Amino acid sequence: MADIEKLRNAHLEEFEKTAHINSMEEYKRLYRRSIEAPDAFWGEQAKTYLSWDKIWDFVLRYDFEEARIEWFGGGVLNACHNCIDRHLELRKDKIAYHWVGDSPGETRSVTYSDLHARVCNLAAELKYRGVSKGDRVILYMPRVIELPVAMLACARIGAVHSVVFGGFSPKALANRISDCSARVVITVDSGFRSGKLLPYKTNVEKALEIASDVETVIIFDRTGQKKVLSSSRNIGWHEVNAAPDPPADVAPEPMNAEDPLFILYTSGPSGKPVGIVHTHGGYLLYAAMSSRIIFDLREDDVIWCTADFGWIMGHSLGVYGSLLNGQTSVIFEGVPWYPTYDRYWEIISKYKVSKFYTAPTVIRKLSRAGNDYLKKYDLSSLRLLGSAGEILDHESWEWFYRHVGYERCPIVDTYFQIETGGPVISPLPGISPLKPGSCSIPFFGTDPVILDDSGDEARYPNQRGVLCIREPWPGIARTVHGDHEQFISTYFTQIPGMFFTADEAMRDEDGNYRIIGRVDNVINVSGHRIGTKEIESILELHDQVIEAAAVGFPHPVKRQGIYAFVAIKDISAISDTLKNELISLVRQEIGPIATIDVIQWTTALPKTRSGKILRTVLEKIAAGKTEEIGNISGIADTSLIESLIKNHKPGDYT
Ligand code: PRX
C-alpha cells in the first residue's frame, strides 16, 4: 500500500503546479476572454481540440428569442474521425477501452486500431442497410464495448444516434423510436446485471409491436448463446463482423458543424419524452475541452466514468470526451455491489484508474457498505474524483474524499444537464477550494446568473434563485427533435434573452455556485430525471384512479424517491393488490427507474380556487415537513389537507 501522506502532498502539489489551468488568475483571464471575445476564444479552442475538413465561415451566430444557435457555421468535420482516425498514427496500439463484465473475470480490451476496424465494419453494414446521413438509429444496449462502437459507426456515416437507457420499458422505448422515426435499432440478445439476464431483445420485439416502421434490428450476441437468428429484419452482429469481405475503411462522412450528432431523450415537465439534439461542431469541442480541463487529462490517464451511455455523462466523458482526447477508459457492465461490494475498488486497482467519475447515488450506496471493502485494494493510482447528476451531500462528499481519495484527490462536483452538453459549472482541480456541495465556478463560455422571483439578479451572497445562463456556449443543445417550439418555450421564454436551467441555485461570497434542485415538475431519482406528469398520466389510466399527483421526497439512497398521492373512486378498493397494480403499471410504462416508493390514498387532491394542485403543500406532506406548510386557509379545503397530513406515514418505503 502506498505511503498516503507522501502521496497526498505530491498529488495536490502536482495539481497546483501542473494542471492545465493552474492558477485562479489564469482561469479568470481565460474566462473573461471566453465571455468578452467568444469568437476569438472559441475559434482558437476549436483549432486546438478538433481537426476540421473545412474551417468555419463564422464562429457564433445566435438569437435566443427564436432559439437559433449556430457555432462554427460553414465548418466541416466528422466526429468519428476526430475520435479515432486522427489518433491512429500515434495511438493505434493504445487501449481505448478496458471492458469488465458483470461477472468477475470476464474482461476485454480494445485498442484504437481495433476500435477503428469494428466501427468501420458496422458503418459499412449500416450503409448497406440503407442508413444514410441524417437518419436516426436507436441504440438500446447495456454497457458493452459495442455500444460506443455503434455510436461512432453512426457518427462516421452521418447518422444520428439515440441511446436509450436499458432501464426503460418497451413502451418507453417505442415512444422514443417513434418520436425520432428510427428505422434501425441496435441491441443485444440479453444483458447481464447482478448475475441476472435482462431481456433487451424481447423488449425491442415488444416495442416494435407499437413502433412498427423499424426495418432493421442488429443484435449483438452478448450472452454467447448463439441464439440470435437472422431474419429479413434481424441481423446478428457476428455477421456484421464476419462479413466475407470486410471493407478496410469507410470514409468518414463530411458533416457540417451544425448537423445533428445525436438525440438524447429526457423527461420534461409535460410528460412527453423530449429529444434533445446536439450537433457535431460545438458539442464535440465542448466535450473535448471540458473533459480535458476539468479532469486535467494526461496521456497516461485511465478514466472511468461509471455512468450508463444512455446518460449525457456517458456521452460527454465516457465516449466523446475520452476518445477526442485519445484517452484510455474503463467500461463496467455491472453494478458496484455484485457479487460483493468491492467490484469498483477491484477495478480501480486492477486497471490503475486515475480519474474516477461517478454519481452521488452510487457514493451513498457504497459508503453505507462500510470501508472494509475499500481497504483490501490499492487505490493509490487515483488522482481525481468526480461526481455529477445530483447534489453531492456533505456526508457523502466527506466519505468520498477521505476513504476513496485518501484526502489527496480533488473532487470535481460537475453541474450539467443533457441540454448543456457538458459541465457548465464545475471546480477546476488545483485551483478551486474543496467545498462539499459546491459545484464551484462557471466553465469557459458560461455566464450564469441567479434571478429572484421578480426576475431581478440576486443582490446578496447565498440568495436563492433560479439559475439562468446569459450567452450560448458551444455545448448548448440546438433544438428538441421535431418540436422547435417546445425548445423555445421550455428554455428561452421564462426569462427572455437567457437559457433557463429549471434549477434553483445560489452563489456564495467567493463566487462559488451551489445547486439546490429543480423548480419544474421534474424529480431526480438516483440521478434520473422523471417528469411527474408522466407518472400521473399513467396512474390515471387505472379504472380506480380519479387523479394523481406525484412528488419527490427525501430518500436515503436515491436522494429523491417518488411519492404518489392517489385519489380513488372507491375507498373500499384500497388494498396491497391495488397498490402493487399501480406500481407495476408505472414500471411497465416507463421502466424500473420509475418505481413509486410510497402511495398515499386520498379521496381528492388539494387545489387552489382556480383548480391548480397544491404541489408545494403535497411536497411538504411527503417530506414530513408539515410545519413548513404555512397558512392555506384562504386557498384550499383545509380539512382535506389535515387528513392528508394525518395519514402520511414517514419513512414508509414500499
Ligand atoms: O437538477 C440538476 C441535476 O441534474 C439535472 C440534469 O439531469 P440530466 O439532464 O439527466 O443530466 C445529468 C448530467 C450529469 C440538473 O438540472 N444535477 C446535475 N448535476 C448536478 C445536479 N445537481 C446538483 N449538483 C450537480 N453536480
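Order of appearance sets the numbers: ligands from 1, and atoms from 1 within every ligand. All values derive from a computational prediction rather than experimental measurement.
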Chemist: Apply the test side chain to side chain donor-acceptor pair (under 3.5 Å) to residues Tyr513 and Arg507: give CA-CA distance (whole Å), side-chain angles for both, the deciding distance (0.1 Å), then the verdict.
Modeler: CA-CA 4 Å; Tyr513 288 79; Arg507 183 177 47 217; 2.7 Å; yes
Chemist: Using the six-membered ring of Trp337, assess whether NZ or CZ of Lys365 lies under 6.0 Å from its centre and within 45 degrees of the ring axis.
Modeler: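 That pair qualifies as a cation-pi contact.
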Chemist: Using the rule given for side chain to side chain donor-acceptor pair (under 3.5 Å), can you reason through Ser440 versus Asn512, listing the C-alpha separation, both sets of side-chain angles and the distance that settles it, and then say yes or no?
Modeler: CA-CA 4 Å; Ser440 205; Asn512 293 298; 3.1 Å; yes
Chemist: Can you pull every nitrogen or oxygen pair between ligand 1 and the protein closer than 3.5 angstrom?
Modeler:
| unit_1 | atom_1 | unit_2 | atom_2 | d |
| --- | --- | --- | --- | --- |
| ligand 1 | 1 (O) | Asp503 | OD1 | 2.7 |
| ligand 1 | 1 (O) | Asp503 | OD2 | 3.4 |
| ligand 1 | 4 (O) | Gly389 | O | 3.1 |
| ligand 1 | 4 (O) | Asn524 | ND2 | 3.4 |
| ligand 1 | 9 (O) | Ile418 | N | 2.8 |
| ligand 1 | 9 (O) | Arg529 | NH1 | 2.6 |
| ligand 1 | 16 (O) | Gln417 | NE2 | 2.9 |
| ligand 1 | 16 (O) | Asp503 | OD1 | 3.4 |
| ligand 1 | 16 (O) | Asp503 | OD2 | 2.5 |
| ligand 1 | 16 (O) | Arg518 | NH1 | 2.7 |
| ligand 1 | 17 (N) | Gly389 | O | 3.3 |
| ligand 1 | 19 (N) | Gly389 | N | 3.1 |
| ligand 1 | 24 (N) | Glu390 | O | 3.2 |
| ligand 1 | 26 (N) | Asp413 | OD1 | 2.8 |
| ligand 1 | 26 (N) | Thr414 | O | 2.7 |

Chemist: Is the NZ or CZ atom of Arg343 positioned over Phe332's six-membered ring, under 6.0 angstrom from the centre and within 45° of the axis?
Modeler: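 Relative to the ring axis of Phe332, which defines the angle, Arg343 lies outside at least one limit.
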Chemist: Run the side chain to side chain contact (heavy atoms under 4.5 Å, CB included) test against Gln45 and tell me which residues pass, sequence neighbours left out.
Modeler: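 Here the qualifying residues are Phe41, Trp42, Tyr49, Leu285, Met289.
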Chemist: In terms of side-chain geometry, is the basic nitrogen of Arg478 or Glu66 positioned less than 4.0 Å from the acidic oxygen of its partner?
Modeler: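 Between Glu66 and Arg478 there is no salt bridge, as every charged N stays at least 4.0 Å from the carboxylate O atoms.
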